[in-house]
Each structure stands twice: as structure tokens, then as C-alpha cells.
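In what follows, a structure is listed as C-alpha cells, so that the remarks can point back to it.
First the proteins, then the strands, lettered A, B, ... as listed; each starts at 1.
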Amino acid sequence: MPELPEVETTLQGIEPFVTNHQVSKINIRQARLRWVVPTKLPLMLEGLKFHKINRRGKYLLFENDFGHMIIHLGMSGSLRIVKADEPPGKHDHVDFCFSAGHILRFKDPRRFGCVLWQDKSQTVHPLLQNLGPEPLSDNFEGKHLFLASRKRSISIKPFIMDSKIVVGVGNIYANEALFLAKINPKISAGRVSLQRYERLVFAIKEVLKKAIIAGGTTLRDFKGSDGSPGYFKQKLNVYGRGGKKCISCRNTLREIRLSQRSTVYCNKCQR
DNA sequence: ATAATCACCTGCTCGC
DNA sequence: TGCGAGCAGGTGATTA
């Protein structure tokens with residue numbers, strides 16, 4: 001499920017049940033995720049409290065006195081708060097039990113996600129060290145994409161999905177943002193004007209912000225809820241609508257593959 | 001260095 | 001009802 005809005009929604013939903021709660025026990029049922037869950041994880045967490053949860057791109061960083069736990073949800077991961085007596089399902093790989101009696105439960109059918117540990121130190125974790133700016137921050141602006149794209153022949157859609165360029169723009173929202181900005185996903189990143197990049201940046205921020213708000217409305221009952229947060233309910237203009245009519249001009253939306261990812265666009269509106 | 005492809009997994013849908 | 005093919009929200013590693 002997770003694009004950036006879902007990760008942010010997850011953070012906000014679990015935060016009150018995690019921060020400043022003492023971790024009593026870690027149960028790892030399946031350590032073989034994208035990378036093996038480190039053996040020393042329980043040692044670094046049990047008996048301690050997390051001070052805070054931060055987000056960097058789609059990575060969640062759980063901070064405590066010794067360092068931070070890094071969680072990524074991959075393609076199918078989720079984090080939920082459940083009661084202590086709730087039996088785990090087939091894909092519930094890791095439980096973080098709290099003294100207060102609830103559990104933070106990591107579920108991930110496809111196991112593309114990860115649960116890692118980084119000791120407190122000067123060095124940044126390799127997964128985090130080459131990441132581009134946060135899309136919702138002020139220093140993400142049109143000029144950044146314009147400068148980074150000069151002499152690049154890559155299509156603009158995979159370009160904005162590259163985490164070295166900007167983090168957190170996944171397939172759904174890349175499609176949606178390009179539609180809003182009226183930019184054809186196939187065109188070379190290096191041939192897009194500054195003005196058009198400014199429009200694209202505005203569209204990316206807009207799409208992500210709206211999705212977070214939509215997700216936020218569904219996370220009231222995060223504890224014990226069955227998940228399915230917001231974005232499915234959110235109105236998607238192009239993603240998943242290949243062959244249907246463009247909401248703006250009624251032209252038939254095209255569906256192609258770019259970098260192996262499903263890409264939907266209107267060839268009349270998006271030039 | 002850059003762009004495209006592969007790989008990691010499970011579950012679901014579709015056509016036969 | 002069963003079976004194989006193809007696809008899915010991500011992204012690091014490998015190949016040209």
C-alpha cells in the first residue's frame with residue numbers, strides 16, 4: 001500500500017502508541033525480509049522507549065538512546081496497533097510489544113519491506129545517504145528539478161521517481177502529478193523548461209498533501225482498525241483508468257509501460 | 001555516468 | 001474448479 005502519504009499516515013497513526021512507551025518484548029517470526037532483520041534488534045529496543053518517530057522519504061526512523069530502527073514498508077507492508085491477545089496472521093512478521101499492553105505489528109506479505117537497526121553514530125545509514133529532498137519541504141522547488149535534469153535523456157516520469165532526485169514520489173502519484181501539470185510522462189527530463197518544472201513541483205506537492213489529508217481522516221481508529229487508509233478513496237484522475245475517458249477532455253487515456261511501471265496519461269492534455 | 005532491466009516475494013485476477 | 005500468465009503501491013543490484 002505504501003506511497004509517501006500512506007507512510008506519513010501510518011506515522012501519525014502509530015505515533016501516540018509508540019513514542020514514550022516502553023518496549024517490553026520483540027517477537028520476530030520471519031526475519032527474512034528484503035534484508036534479514038538484525039539479531040541484535042531486541043537487545044537495542046527491549047526495556048527502552050522511543051523518543052520520536054521521524055520519516056525520511058518512505059523510511060520510518062524510530063529513535064531511542066542507542067540509535068534508530070529503520071522500517072520500510074516496501075510494496076505490501078503495513079504497521080498496525082493491535083491488542084496484546086490478537087493472534088498473528090500468516091504475514092505478521094514482527095511484533096513490538098509494549099508494557100502498556102498493546103503491540104505494534106509489522107505485516108508484509110511480499111516481504112519487500114525491511115526492519116533494520118542503525119547505531120547512534122556519525123555515519124548515515126547507506127540507504128539514507130543519497131536521498132534527494134523531501135517533496136513537501138520548501139527547498140524542493142522547480143529549479144532543483146530543472147538543474148538536476150540538464151543533459152538527462154531519461155523520461156520525466158522515471159526521473160521524478162528516482163529517490164536521488166526527490167524522495168517519496170511513487171508510481172501512483174507520479175502519474176497523477178504529471179497529469180495535473182499537463183506533462184507527457186514520456187518526454188525527456190532534460191528537455192523540460194524551468195517554468196514547466198515549477199508547475200510540476202506544485203502538482204507533486206498538491207497531490208501528496210491532498211492524499212495525506214485524505215489518509216488522515218481514516219486514521220482516527222488506528223488501534224484495532226483494519227487499515228485500508230485513505231488513498232483508495234481519494235479521487236485518482238489517471239492511475240488505474242487506462243482506456244477510460246480523460247476527465248478533462250474526454251479523450252481516451254493511454255496506458256503504456258515506462259521503466260516497467262504502469263503509466264497512464266492523456267495524450268491530448270499532456271504534451 | 002546513465003538508462004534499462006533484473007531481482008526479491010506473495011496474492012490476486014484473467015483467460016482458457 | 002484448475003492452471004499458467006501476468007500484474008501489483010518499491011528500490012537496490014546488475015547489466016549494457
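In this structure, Arg110(A) atom CZ and dT11(C) atom P are separated by 13 Å, rounded to whole Å. Rounded to an integer number of Å, the gap from Ile160(A) CD1 to dG10(C) C1' is 15 Å. Look at CD1 on Ile172(A): it is 13 Å from P on dT11(C), rounded to the nearest Å. Atom NE2 in His72(A) sits about 11 Å away from atom C1' in dG12(C), given to the nearest Å. Distance, Leu258(A) CG to dC7(C) C1': 16 Å, rounded to whole Å. Taking atom CD of Gln260(A) as the reference point, atom C1' of dG12(C) lies 15 Å away to the nearest angstrom. Here dG10(C) presents its C1' atom at 14 Å from CG of Leu33(A), a figure rounded to the nearest Å. Atom CZ of Arg111(A) is separated from atom C1' of dG10(C) by 16 Å (rounded to the nearest Å).
Among the heavy atoms of the strands lying under 4.0 Å from Tyr59(A) are primed sugar atoms or P, OP1, OP2 only; no base atom is included. Within the 4.0 angstrom heavy-atom criterion, base atoms lie near Arg261(A). If you check every strand for non-hydrogen atoms under 4.0 Å, Arg34(A) touches a base. Residue contacts shown for Ser153(A) are limited to sugar-phosphate atoms, with no base heavy atom under 4.0 Å away. Nucleic acid contact class of Lys164(A) (heavy atoms, under 4.0 Å, all strands): none.
Scanning DNA chain B 5' to 3' for nucleotides with an atom closer than 4.0 angstrom to a non-hydrogen atom of chain A gives a first and last hit of dT2(B) to dG11(B).
Of the charged side-chain nitrogens involved, none lies within less than 4.0 Å of a carboxylate oxygen, so that Asp85(A) and Lys83(A) do not count as a salt-bridged pair. Here Asp138(A) does not pair with Lys205(A) in a salt bridge; the nearest charged N to carboxylate O distance is not below 4.0 Å.
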Walk me through whether Asp108(A) and Arg34(A) qualify under salt bridge (Lys or Arg N to Asp or Glu O under 4.0 Å).
CA-CA 10 Å; Asp108(A) 187 5; Arg34(A) 175 138 200 212; over 6 Å; no
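Using a 3.5 Å distance cut-off with no hydrogens or angles, the side chains of Ser137(A) and Asn139(A) do pair a donor with an acceptor.
If you check dC9(B) for Watson-Crick or wobble pairing at under 3.5 angstrom, you find it has no partner at all.
Comparing the P positions of dC3(C) and dC9(B) gives an interatomic distance of 24 Å, to the nearest angstrom.
Aromatic ring pairs are classed by plane angle as parallel below 30°, tilted from 30° to 60° and perpendicular above 60°; the pair His102(A) and Phe17(A) is perpendicular.
Although no hydrogens or angles enter the test, the distance criterion places a donor-acceptor pair under 3.5 Å between the side chain of Asn64(A) and the main chain of Gly67(A).
Linking ILVMFWY residues whenever their side-chain heavy atoms come closer than 4.5 Å, directly or via other members, leaves Val207(A) and Phe202(A) in distinct clusters.
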